[in-house]
Structure formats: C-alpha cells, structure tokens
A.B. asks: 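Have a look at this one.
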2 protein chains.
Amino acid sequence: MSKHTIIRLSRYKNALYRFESLGFVKVFSDNLADAIGVTPSQVRKDFSMFGLSGNKRGGYKVDELLAKLNEILGTNKAHNVIVAGAGNLGSALIKYKGFEKENIKITAAFDIDHSKGERAGEIPVKPFDEMQEYVRQNDIRVGIIAVPDMAAQHVADVMMAGGIKGILNFAPIRLRVDEGIVVNNVNLALELENIIYFICVPMGSGKGIK
Amino acid sequence: MSKHTIIRLSRYKNALYRFESLGFVKVFSDNLADAIGVTPSQVRKDFSMFGLSGNKRGGYKVDELLAKLNEILGTNKAHNVIVAGAGNLGSALIKYKGFEKENIKITAAFDIDHSKGERAGEIPVKPFDEMQEYVRQNDIRVGIIAVPDMAAQHVADVMMAGGIKGILNFAPIRLRVDEGIVVNNVNLALELENIIYFICVPMGSGKGIK
DNA sequence: CGGATAATGTGAAAAAAGTAACGAAATGCT
DNA sequence: AGCATTTCGTTACTTTTTTCACATTATCCG
C-alpha cells in the first residue's frame with residue numbers, strides 16, 4: 001500500500017473529526033475531497049482499497065468511518081514515542097499538543113546534556129546513555145530524532161539497537177537503516193526552500209509550476 | 001516542473017555540501033543517488049531537465065553544480081521570512097539553526113500575546129496586529145504558520161493581504177488560499193501516524209508496505 | 001409502489017513518475 | 001596516438017498514480 005494513500009487516509013480522518021465537531025453525521029466523497037484537496041474519485045478509490053464502504057446515496061457515516069480509519073491507521077491504540085535531542089526542536093515536540101488526539105504520547109526525551117532537567121509535570125529529559133535500555137524495557141517502537149546532523153546517524157543506530165522500528169528524522173541527512181525500519185524525514189529548511197523556488201522562479205525563468 | 005523534482009534538487013544540494021566538506025571536487029550520479037536514495041538515472045534525468053551537465057567521464061564538478069543548484073533553487077539570494085505564532089513550535093523555529101545555511105532568515109515573529117517579548121539578541125516577537133503592515137513594508141514573501149488550528153486560516157488571510165506568496169503551514173488543516181499562493185504543509189502528528197501504520201499494520205492485517 | 005435522482009464502487013483510460021538501456025564522448029593507459 | 005573503459009545524456013519502456021466514466025443501488029417523492 002502506497003505511503004501517499006496512507007497519508008491521505010490520515011488527512012481524511014482529520015477532516016472527519018472536524019466534520020464531526022460541526023455536527024455532520026454523514027459525509028460525501030466530495031466533502032472529503034474538498035477538505036483535503038483531492039478529487040472525489042480519489043477519495044472513493046482510497047476507501048475502496050481498504051474496504052471502506054458507504055451507502056449508494058447516503059454517503060459515509062462519519063462515526064463509522066472514523067472508527068474504521070482509526071483502526072486501519074493504528075490510532076485506536078495508544079503509542080509511546082521517545083525523542084532524542086532536547087534542544088529547541090526537541091523541547092517544542094515534547095510540549096506539542098497535536099500528538100495527544102492521535103493517541104501518541106512522548107514518554108521520554110534523551111540528551112547528552114541531560115541537565116536540561118527532569119522538570120516536574122513535564123516529560124523527563126534523561127541522559128542519552130540510557131536511551132537504548134529505556135527503549136528496550138519500555139518496548140518503544142518509534143523514535144524522533146531532533147539532534148544536530150552529525151549526531152543523527154549514531155542516534156539512529158542506538159535506537160535500532162534498542163529495538164525501534166520507526167524513526168521520524170528531523171536531521172537533513174539520509175539515515176542508513178536496517179531492512180524493515182521505517183523512516184520519515186521532515187526537513188524544515190527544505191520545505192521553505194521549496195516554497196521559495198515556486199514563488200520566485202516561475203516568473204524568473206519561464207519554468208511554470210508543475 | 002514537478003514539486004518532487006525540486007525537492008530532489010534540494011536534497012542533491014545538501015548532499016553536495018557534505019561531499020564538498022569531505023573534500024570531494026567531483027561527484028558521479030551514483031554518488032548522489034546513494035546519498036539521497038534514488039537511482040543514478042533519476043539523478044541524471046533531474047539534472048538534464050535543468051540543463052545541468054557534467055563530463056562524460058569526469059562526473060560533475062561539485063562547486064559548479066552547487067552554484068547552479070543554488071541559482072536554480074533561489075538559495076543564492078537571501079530570503080526573509082516571518083513566523084506567526086511564538087508558542088513552542090514558533091520559538092523553536094526562531095532559534096532553529098538549519099535555515100541560515102540556506103540563506104533563509106526569520107526576521108520577525110508575531111503573536112497575539114506579544115509579551116513573549118523582544119529579547120535582546122533574538123528575533124523580536126511583535127503583536128499580531130502589526131504583521132500585515134510589516135509584511136508589506138519589508139516586502140516579505142514567505143510566512144510560517146505556527147499557531148493553533150483554529151487561528152491558522154485567519155493568519156493565512158492576513159499574510160496574503162500583506163502580500164505573502166508562500167506559506168509553510170504547521171497547522172493540520174488545509175488552508176484556503178488565493179490562486180498562485182504556494183502552501184507547504186508540515187503535519188507532525190501525521191508523520192508519526194504514518195510511521196505507526198507501516199510498523200504496525202503489515203504484521204497485523206496482511207497489507208504489506210508499498 | 002415505481003420512477004427519478006443522487007451518490008457510490010470499479011474497471012478502463014490517461015497521465016505522471018521512475019527505471020533501464022544504450023549511444024556518445026571524455027579520460028586514462030599502454 | 002589509439003584502444004579500452006567509464007560515465008553521461010537521452011530515449012524508450014515500465015510501473016505507479018490519478019482521473020474519468022458509467023453501471024449500480026439506495027433513497028426520496030409523488
């Protein structure tokens with residue numbers, strides 16, 4: 001199953017939560033299409049690939065669809081995640097509110113400089129040395145890398161040694177990982193650069209968007 | 001020109017900087033391919049689309065290629081960017097080091113609660129009311145949205161009113177924007193969710209990766 | 001109850017993206 | 001210098017992704 005399809009499913013799910021909170025009890029493929037910016041056909045095809053079905057005239061029931069999407073995406077179960085790096089970005093992630101409603105919880109952060117503390121009420125920042133053992137003992141499957149570029153590969157290696165299966169990597173390098181390990185990269189500078197290209201260049205050099 | 005191609009160009013550029021710092025003076029398509037995880041054909045095709053040429057046997061000169069990529073991507077010129085929202089994420093972005101080397105500078109942040117201050121040496125956090133005027137006066141073209149979901153659309157509207165042409169949006173909603181405005185979305189929860197799907201589901205339900 | 005309608009589900013067509021293959025040219029070696 | 005080798009650049013092919021189109025079916029209304 002293609003990654004893009006799964007991303008769209010997550011987006012549908014998000015949109016559905018908004019529809020739900022607006023009191024919608026059913027939605028049509030074109031509502032969802034508008035909400036996430038695709039065609040209605042795309043929505044129906046995505047759903048049909050996962051056996052998500054609606055009614056020929058009544059569209060899809062919001063609550064049922066949400067339940068099924070949560071099951072498919074694994075968001076019906078809680079997931080514990082750790083962060084490596086408690087700098088600016090790592091700290092922001094620790095405090096980020098957006099994970100909760102996806103049933104994702106950051107349970108610990110690790111940093112070489114663990115003086116960053118174990119402040120009351122917040123997630124503890126532990127010494128990096130303890131990460132591997134923590135991962136193993138708590139059966140952590142997903143780790144976030146928010147350390148400087150040069151340290152990222154080493155952090156990934158330690159995570160994998162501890163048994164982590166998926167990595168969200170904020171360092172702008174391609175991590176070398178074992179077979180079967182899932183890596184998603186978020187490269188903030190690249191995102192900005194990409195925007196800059198599309199707003200600057202089309203007028204400059206005749207190359208249009210897309 | 002497809003967005004994916006441009007993203008790859010940025011990645012090549014990143015890899016090239018690393019090659020350069022390792023003392024490489026020329027690279028081959030398969031070096032770059034390995035570095036960013038594509039096929040050598042892809043590299044050559046991407047380059048040929050932009051008239052980037054190498055030598056039939058000597059590969060590509062690192063410095064020349066870098067210069068050309070910087071020109072294509074617009075990173076040879078400095079770009080000023082603003083951030084809306086000085087919460088956890090916004091603050092982390094303000095302090096983030098990774099933008100500098102792409103010639104991107106965050107010149108101001110805006111927040112309804114501007115008590116977050118104008119600390120010496122750091123980027124000033126100004127009241128949100130002043131954002132539109134600031135954008136206009138300083139000819140800002142790119143804005144980052146790091147505010148809560150509910151405020152994001154309004155922020156986008158104000159940005160556009162000020163003349164902003166590109167938005168990097170961290171709010172997990174689809175922004176409604178005018179024709180020609182470029183939006184890139186970064187959805188942190190979605191990235192994690194996506195990882196979780198691929199590490200959990202393949203064993204659970206028989207649906208394999210890709 | 002039956003026709004009109006509105007929306008789904010799907011299979012085929014089209015478009016886009018990626019890969020492979022190969023001719024051409026530059027380099028190095030003898 | 002000439003031959004062998006390496007790597008590019010491009011064209012043709014394959015695969016993937018998206019869109020289109022339409023048969024199907026549930027609902028509504030007279």
A.B. asks: From CG of B:Asp46 over to C1' of C:dA20, roughly how many Å is that when rounded to an integer?
C.D. replies: 15 Å

A.B. asks: Regarding B:Asn194 and A:Asn184, is there a side-chain donor-to-acceptor distance under 3.5 Å anywhere?
C.D. replies: yes

A.B. asks: Closest-nucleotide mapping onto DNA chain D: is A:Gly58 or A:His4 further toward the 5' terminus? I mean the 5' end.
C.D. replies: A:His4

A.B. asks: Between atom CE in A:Met49 and atom C1' in C:dT8, what is the gap in whole Å?
C.D. replies: 17 Å

A.B. asks: Hey, does B:Phe47 reach any base, or is it just sugar-phosphate, or nothing, if we go heavy atoms under 4.0 Å?
C.D. replies: nothing

A.B. asks: Under the criterion side-chain contact (heavy atoms from CB on, under 4.5 Å), which of B:Val135, B:Ile181, B:Val81, B:Val177 is the partner of B:Ile164?
C.D. replies: B:Val135

A.B. asks: Report yes if at least one side-chain N or O of B:Arg44 is closer than 4.0 Å to OP1 or OP2 of D:dC8; otherwise report no.
C.D. replies: yes

A.B. asks: Starting at atom NZ of A:Lys26, determine the distance to atom P of C:dT8, rounded to an integer number of angstrom.
C.D. replies: 11 Å

A.B. asks: Using a 4.0 Å heavy-atom cut-off, does B:Thr39 contact any base of the nucleic acid, only the sugar-phosphate backbone, or nothing at all?
C.D. replies: sugar-phosphate

A.B. asks: Expressed as a whole number of angstroms, how long is the span from B:Asn55:CG to C:dA24:P?
C.D. replies: 18 Å

A.B. asks: Go through the N and O atoms of the side chain of B:Lys45 and the base of C:dT19, and report whether any donor-acceptor pair is under 3.5 Å.
C.D. replies: yes

A.B. asks: Check every strand shown and say whether B:Ser29 touches a base, only sugar-phosphate, or nothing at a heavy-atom separation below 4.0 Å.
C.D. replies: sugar-phosphate

A.B. asks: So do the side chains of A:Asn187 and B:Asn14 get within less than 4.5 Å of each other, counting heavy atoms only?
C.D. replies: yes

A.B. asks: Please state how far atom CG in B:Asp30 lies from atom P in C:dT19, giving the value in whole angstrom units.
C.D. replies: 15 Å

A.B. asks: When the side chains of residues 23-32 of chain A are checked against the rest of the protein, which donor-acceptor pairs come out under 3.5 Å, sequence neighbours left out?
C.D. replies:
residue, atom, partner, partner atom, Å
A:Ser29, OG, A:Arg44, NH1, 3.2
A:Asn31, OD1, A:Phe28, N, 2.8

A.B. asks: Please confirm whether the shortest side-chain N or O distance from A:Ser2 to OP1 or OP2 of D:dT17 is below 4.0 Å.
C.D. replies: yes

A.B. asks: Nucleotides 4-6 of chain C: which of its N/O atoms have a protein N/O under 3.5 Å away?
C.D. replies:
residue, atom, partner, partner atom, Å
C:dT5, O2, A:Arg57, NH1, 2.9
C:dA6, O4', A:Arg57, NE, 3.2

A.B. asks: Enumerate the salt bridge (Lys or Arg N to Asp or Glu O under 4.0 Å) contacts for residues 178-193 of chain A, please, sequence neighbours excluded, ordered by first and then second residue.
C.D. replies: A:Glu193-B:Lys13

A.B. asks: Do B:Ile145 and B:Leu175 touch side chain to side chain, with heavy atoms closer than 4.5 Å?
C.D. replies: yes

A.B. asks: Which nucleotide in the list C:dT8, D:dC8, D:dT19 gets nearest to the side chain of B:Tyr60?
C.D. replies: D:dC8

A.B. asks: Provide, to the nearest angstrom, the distance between the CG atom belonging to B:Asn31 and the C1' atom belonging to D:dC8.
C.D. replies: 13 Å

A.B. asks: Whole angstrom is fine here: how far is it from CD in B:Gln42 over to P in D:dC13?
C.D. replies: 19 Å

A.B. asks: In whole Å, what is the span from the CE atom of A:Met1 to the C1' atom of D:dT18?
C.D. replies: 15 Å

A.B. asks: Please evaluate residues A:Phe47 and A:Phe50 with respect to the criterion ring pair (Phe, Tyr, Trp, His ring centres under 6.0 Å), reporting the C-alpha separation (whole Å), side-chain torsions for both, the decisive distance (0.1 Å), and the verdict.
C.D. replies: CA-CA 5 Å; A:Phe47 285 1; A:Phe50 287 90; 9.0 Å; no

